[in-house]
Every structure is written in C-alpha cells, then in structure tokens.
Amino acid sequence: MPRTVLFLSIMLFVSGGFIFAQKGTGKLYRIDRYESIYLPLGKISFADKLIEYKVGTPPPIQKYRDSIQCLHEPNYKNYQTPNFISLGCGGSLTVEFTDNGFMNLPGDDLYLFEVGPSKEPAKVEISQNGMDWIYAGKIAGGKSSIDLSKEGIDTETVFYFLRITDLKDLCKSKSAGADLDAIGAINSVIKLTINADVLFDVAKYDLKENAKQSLDSLAESIRQVDKATILVEGHTDSDGKENSNMLLSENRCISVKNRLIEIFGDDSLYEFEIKPYGENKPRFPNDTEENKQQNRRVEITVLPPKDYYESLKKN
C-alpha cells in the first residue's frame, strides 16, 4: 500500500457563508476561479489506478488522450495544457481507488473534476469489485458532484471502482467528450479487516501479545490521515449463545480501540466509535470451520471526522 506523507495544517473551510478552522489532512481543491471543494481525507481521496480507457468516436486529438492524467490530485491549468484526459464522443474511463474506498454517507459522495470550456454530460457507475456495476448518477451542466443516496445506494458498502461514460452531447471539439482532470471521493474511507483469531484466543477478548504487533502494522494504514473517526466493528461466528457472542464482540472492540489509542497517543486527532454485532452479520454461512473463521473478524473503518458532518448540518 502506498505511503503518504502527512502534514498538519489549519485552514478556513468556507461553505454557504459558514467558516470554521479545520485541522488535519482535509484539503480544499479549486474548482474554478471562485469555488473550491473540500475533501475531508485530503490527497488520498483520489483515484489511483487506470483500469480501462475506451476512446470514443470521434476521438479527441492525440495530446488529450494521456489517460493517467485523470489520476491523483487535480492539476488543471488551462485548456491548452494537456494535463487532463478527454473521453471522446461516447468514450469511457474506468479507475480504481487503491489506498481508500468511498461510501454513501451524508452529503455529496464523489466529485469529478470536469474541465475545459464546455461541461459535457456523462454517466457515472460504481463497483465494489470491478465487475458488478451500479448506476450512481450523472454529471451535467457544470454539476460535477454525485450524491449516492439519490440513487438509493446502501450506506454500508465500500466501493473501489468508478466508470464514467460520455453521453455524446458535444462531439465536435478537439477534446471531444467529457474532459477529466481528477476523480475524487468526498466521502473517502479506509476499510481494514483482520481475522479475530490473529488477535484473540478462542472465546477471549484480551489481545494476544503478538496481536499488538499486528495492530501496530495496521495503524500505519490509518496514519495516512491524521484526523478521522475510527469505527471498530466486532463479529463472531454462531457458535455459543447469541448474547454471549454479542458481549464477546463488544469486549473485543474495546480491546482493539484501547490498543489503537495507546499507539496513537491521547493527543491524536482521532475519535473512536465501536459497534459490536456478534453473530448477526456473517460474511458466509456458519456451516464450515473455514467459513466460521472468516466470520470471526474485526473491521476498522476510517471515516471523515465528525466536525465535517456537523458543518453540513449548519448549511
């Protein structure tokens, strides 16, 4: 997983006339001369890997076909500088988020940095695995944000793939089709899963000694951002009584949370939440030992900080 150099900053986040000091890796990105978009987890929030580029017909001229220009943070300067990609009429682009995913959380979830003199409409689809696709909405008329709740997308799945397809509205310019500088996840998350057998002995909730090393390693992934809400969820198999499994998963969440607090220190900018589920959310049927082992797990989700969502309520 790529390492990210972190920094601590204080900035003014301006939205709807409301201004507050924002600490951490969250960052404002310029949309145009007058507006910016705020991404709570900062630079990790962008697509990292090109999966497929299908140029449309007619295609853009050659200098606007550098497909990797859509990756990472936006760097658009002007229409003459080819640091963006054009899809061509009806063309499509598929990208992957490798060091983060994105979810349907409050507010807008995605922002596509569509640039150039014209804002061409395009269809947006998302996928958890790169094979099964869900319609997520479209960008059109200068509106480049996507709110996944408008398409009824669930609030628990973490998605890692995005596909954008030009809708053939403007096909005659030298950069035919939608022009993209970057693809960002506003509601960016980091999802980490660890097998409970690595952390705990059977029916126990005290961390094994070597489990502390596993959590130390996992903490490096969390440190990609320095301000976030860290959600710890505990799961068991169906062996034993349901109430006992719920209590066990709760105590395991607490043990993991306490170890992470110990690692990061009391002065970190992380807030913690726990959600024990016991046997209620299995990944697989509890009908084999292998499946039961997969169901015994701790999931850690690094979410945008709470004060970001509080700011949305005030606007």
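A 6.0 Å sphere centred on NZ of K208 holds more than 12 heavy atoms belonging to other residues, nucleotides or ligands. In K150, the NZ atom is not crowded: 12 or fewer heavy atoms of neighbouring residues, nucleotides or ligands sit closer than 6.0 Å. Within a 6.0 Å sphere centred on CD1 of I68, heavy atoms belonging to other residues, nucleotides or ligands number 12 at most.
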Derivation and outcome, side chain to side chain donor-acceptor pair (under 3.5 Å), residues E73 and Y29: CA-CA 9 Å; E73 293 179 291; Y29 292 91; 2.6 Å; yes

Yes or no on side chain to side chain contact (heavy atoms under 4.5 Å, CB included) for L260 and Y270, after CA distance, side-chain angles and deciding distance? CA-CA 10 Å; L260 291 175; Y270 300 123; over 6 Å; no

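Pairing each heavy atom of G278 with each of S249, the nearest pair is N-OG, 3.0 Å. Considering all non-hydrogen atoms of both residues, P304 and L41 come closest at CA-CD2, 4.1 Å. Across all their heavy atoms, P106 and N187 have their closest contact at O-ND2, 3.2 Å. Here the closest non-hydrogen pair linking I31 and Y111 is CG2-OH, 3.2 Å. Nearest heavy-atom pair, D307 versus K227, reported as atom, atom and distance to 0.1 Å: OD2-NZ, 2.6 Å. Contact between E120 and S175 at its shortest, heavy atoms only, is OE2-O, 4.0 Å.
No side-chain N or O of Y53 forms a donor-acceptor pair with one of D66 less than 3.5 Å apart. A side-chain donor from one of N291 and D287 sits under 3.5 Å from a side-chain acceptor of the other. Neither side chain, T81 nor N83, offers a donor N or O lying under 3.5 Å from an acceptor on the other.
Here the CD1-CG distance, from I300 to L231, works out to 9.5 Å after rounding to the nearest 0.5 Å. From L167, atom CG reaches atom SG of C89 across 9.5 Å, with rounding to the nearest 0.5 Å. Atom CG of L110 is separated from atom CG of N104 by 9.5 Å, given to the nearest 0.5 angstrom. Expressed to the nearest 0.5 Å, how far CG of L248 lies from OG1 of T236 amounts to 6.5 Å.
In this structure, the side chain of D108 does not engage the main chain of S145 through any donor-acceptor pair within 3.5 Å. Remark: side-chain polar atoms of D201 are not paired, donor with acceptor, to backbone N or O of K204 under 3.5 angstrom. Side chain of D48 to backbone of T98: a donor-acceptor contact under 3.5 angstrom is found. N295 places a side-chain N or O within 3.5 Å of a backbone atom of F284 that can act as its donor or acceptor partner. Using a distance-only test at 3.5 Å, with no hydrogens or angles considered, a donor-acceptor pair links the side chain of Q224 to the main chain of S221. In this structure a side-chain-to-backbone donor-acceptor pair under 3.5 Å is missing from S217 to Q213. Here the side chain of D226 pairs a donor or acceptor atom with the backbone of T25 at under 3.5 angstrom. Not one N or O on the side chain of R65 forms a donor-acceptor pair closer than 3.5 Å with the backbone of K63.
A 4.5 Å side-chain heavy-atom check between M246 and N243 finds every atom pair outside the cut-off.
Salt-bridge formation is detected for the pair R163/E125: a Lys NZ or Arg NE/NH1/NH2 atom is positioned less than 4.0 Å from an Asp or Glu carboxylate oxygen.
Between Y205 and F200, the ring centre distance reaches or exceeds 6.0 Å.
Sorted by first then second residue, the salt bridge (Lys or Arg N to Asp or Glu O under 4.0 Å) pairs that include residues 173-197, not counting sequence neighbours, are K191-E299, D197-R296.
Ring orientation note: the planes of Y308 and Y38 are tilted relative to one another, at an angle of 30° to 60°. Taking the six-membered ring where the residue is Trp, F46 and F113 present tilted rings, their angle falling between 30° and 60°.
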